[in-house]
Amino acid sequence: MIYRSIAPDFFANALSKQAFQALKLSLVTSSITTLVAVILGTPLAYLLARWKFRFKTWLELILDLPIVLPPSVAGLALLIAFGRRGLIGAFLNDIGLSIPFTTTAVIIAQLFVAGPLFVRSARIGFAHVDKQLEESAYVEGANQWQLFYEVMIPIAIRALASGAILTWTRALGEFGATILFAGNLEGVTQTMPIAIYIGFERNLGVAMALSVVLILVSVILLMITKQLDKEEE
């Protein structure tokens, strides 16, 4: 792929308007997706790892389901849920909000598919914290918030970072759910994977350039993740 992309017009294609808009949209939406996943997923992962409650197994099953679910099925499910006549979309439409085929739809699709990766990684990180440390914190008078913020987070930080990187990488490469739920609107919902797909019909040079960019970004992020794993060991 990299060899075939080497051409005099490589940088022209990589810096074209279509490529720049797709790259910018992918970076912005995947970053927002990762931030939301970290904010919402961290306490949820802690709850799943350290607490026991009714229907916990079912909740874990629902959260892990998008990881194995085909992206096209995920996109169709989101469209049915948030469409104008959907379970949630009908209510939103009544108050003047429409999510499908917008940038917000891109973020929701990425979060639905990639968010569980962070929750799973964070859950494993919190579960491996020694319970004696938790008991010692309680003996010293720590409350639940202090235990979570001052004990759990610092110890599980590598697992959280690794999960965030995997989530960002998965969101950056999301295609199936996005194209079904958000469509292909240049500058609005056309992310890099969609631009690559469209490039096969319109501009193969742009598709090749964006593919190389995604490969390089993925390699860098995987190297960082491997380094975090080595430090943890």
Side-chain angles (χ1 to χ4, degrees), residues 26-69 71 74 77-78 81-82 88 104 106-174 177-178 217-233:
S26 290
L27 292 176
V28 171
T29 55
S30 60
S31 297
I32 295 175
T33 296
T34 304
L35 181 62
V36 174
V38 171
I39 293 175
L40 299 181
T42 302
L44 177 59
Y46 174 72
L47 181 69
L48 293 173
R50 311 301 291 194
W51 288 47
K52 294 182 179 180
F53 53 89
R54 195 177 183 184
F55 302 121
K56 176 182 175 181
T57 303
W58 286 102
L59 179 58
E60 291 176 338
L61 177 64
I62 293 173
L63 289 172
D64 289 339
L65 185 60
I67 298 177
V68 297
L69 200 66
L78 289 172
F82 291 96
I88 304 174
T104 302
V106 175
I107 297 173
I108 293 177
Q110 291 176 351
L111 186 63
F112 182 80
V113 173
L117 293 175
F118 175 80
V119 176
R120 186 176 182 83
S121 179
R123 184 176 63 193
I124 294 174
F126 286 133
H128 281 78
V129 176
D130 193 341
K131 290 187 177 182
Q132 291 185 352
L133 294 175
E134 183 177 355
E135 295 173 356
S136 299
Y138 281 131
V139 170
E140 295 295 329
N143 54 36
Q144 281 291 340
W145 169 250
Q146 290 174 324
L147 173 66
F148 173 70
Y149 184 74
E150 298 181 8
V151 178
M152 292 296 182
I153 293 294
I155 296 177
I157 190 64
R158 289 191 178 90
L160 299 179
S162 178
I165 292 173
L166 290 175
T167 300
W168 192 70
T169 306
R170 180 65 184 86
L172 196 64
E174 163 52 31
T178 303
V217 170
S218 299
V219 169
I220 292 172
L221 291 176
L222 284 174
M223 290 175 63
I224 295 175
T225 303
K226 292 293 185 182
Q227 185 61 35
L228 289 173
D229 293 338
K230 288 182 179 179
E231 292 179 359
E232 187 173 3
E233 292 176 359

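Here the structure is a predicted model, which means the values were calculated and not measured.
Proximity of a side-chain donor or acceptor of Ser121 to a complementary backbone N or O of Ala159 within less than 3.5 Å is detected. Lys56 places no side-chain N or O within donor-acceptor distance of the main-chain N or O of Leu47, the cut-off being under 3.5 Å. In this structure, Thr42 contributes its side chain and Ile39 its backbone to no donor-acceptor pair below 3.5 Å. Proximity of a side-chain donor or acceptor of Glu174 to a complementary backbone N or O of Ala177 within less than 3.5 Å is detected.
For the side-chain contact (heavy atoms from CB on, under 4.5 Å) test with Leu111, the passing option among Thr33, Val106, Thr29 is Thr33; the others fail. Checked against Val119 for a side-chain contact (heavy atoms from CB on, under 4.5 Å), the options Leu48, Leu40, Thr167 give a single hit: Leu48.
At a threshold of 4.5 Å between non-hydrogen side-chain atoms, the residues Val217 and Trp168 count as touching. With contacts defined as side-chain heavy-atom distances shorter than 4.5 Å, the pair Ile67/Pro116 qualifies. At least one side-chain heavy atom of Leu27 sits less than 4.5 Å from a side-chain heavy atom of Leu172.
The local environment of CZ in Arg120 is sparse, with at most 12 non-hydrogen atoms from other residues, nucleotides or ligands closer than 6.0 Å.
Of all the heavy atoms in Ala171 and Ser30, the pair that sits closest is CB-CB, 3.9 Å. Nearest heavy atom pair, residue Arg50 against residue Phe126, reads NH1-O, 2.8 Å. A pairwise comparison of heavy atoms in Ala37 and Gly115 identifies CB-CA, 4.3 Å as the closest pair. Closest non-hydrogen pair, Tyr46 versus Met152, comes out as CE1-CG, 3.5 Å. In plain terms, the two heavy atoms of Phe118 and Gly163 that are nearest each other are CD1-C, 3.6 Å. The heavy-atom pair separating Ile157 from Pro154 by the smallest distance is CG2-O, 3.2 Å.
The aromatic rings of Trp145 and Phe148 sit tilted, their planes meeting at an angle between 30° and 60°.
Between atom OG of residue Ser136 and atom CG of residue Asp130 there is a gap of 8.5 Å, rounded to the nearest 0.5 Å. Separation of atoms CG (Leu222) and OG1 (Thr169) is listed at 6.0 Å; rounding is to 0.5 Å. Atom CD1 of residue Ile32 and atom OG1 of residue Thr104 lie 8.5 Å apart, to the nearest 0.5 angstrom. Atoms CD1 and CG, from Ile62 and Leu59 in turn, are 6.5 Å apart once rounded to the nearest 0.5 Å.
In this model, no donor atom of one side chain and acceptor atom of the other lie less than 3.5 Å apart for Gln110 and Thr178.
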Discussion item. As a quick check of understanding, evaluate side-chain contact (heavy atoms from CB on, under 4.5 Å) for Asp64 and Val68, giving each step before the final call.
Written reply: CA-CA 7 Å; Asp64 289 339; Val68 297; over 6 Å; no
Fill in: CA sep, side-chain torsions, deciding dist, call: Leu63, Leu44, side-chain contact (heavy atoms from CB on, under 4.5 Å)
CA-CA 10 Å; Leu63 289 172; Leu44 177 59; 3.8 Å; yes
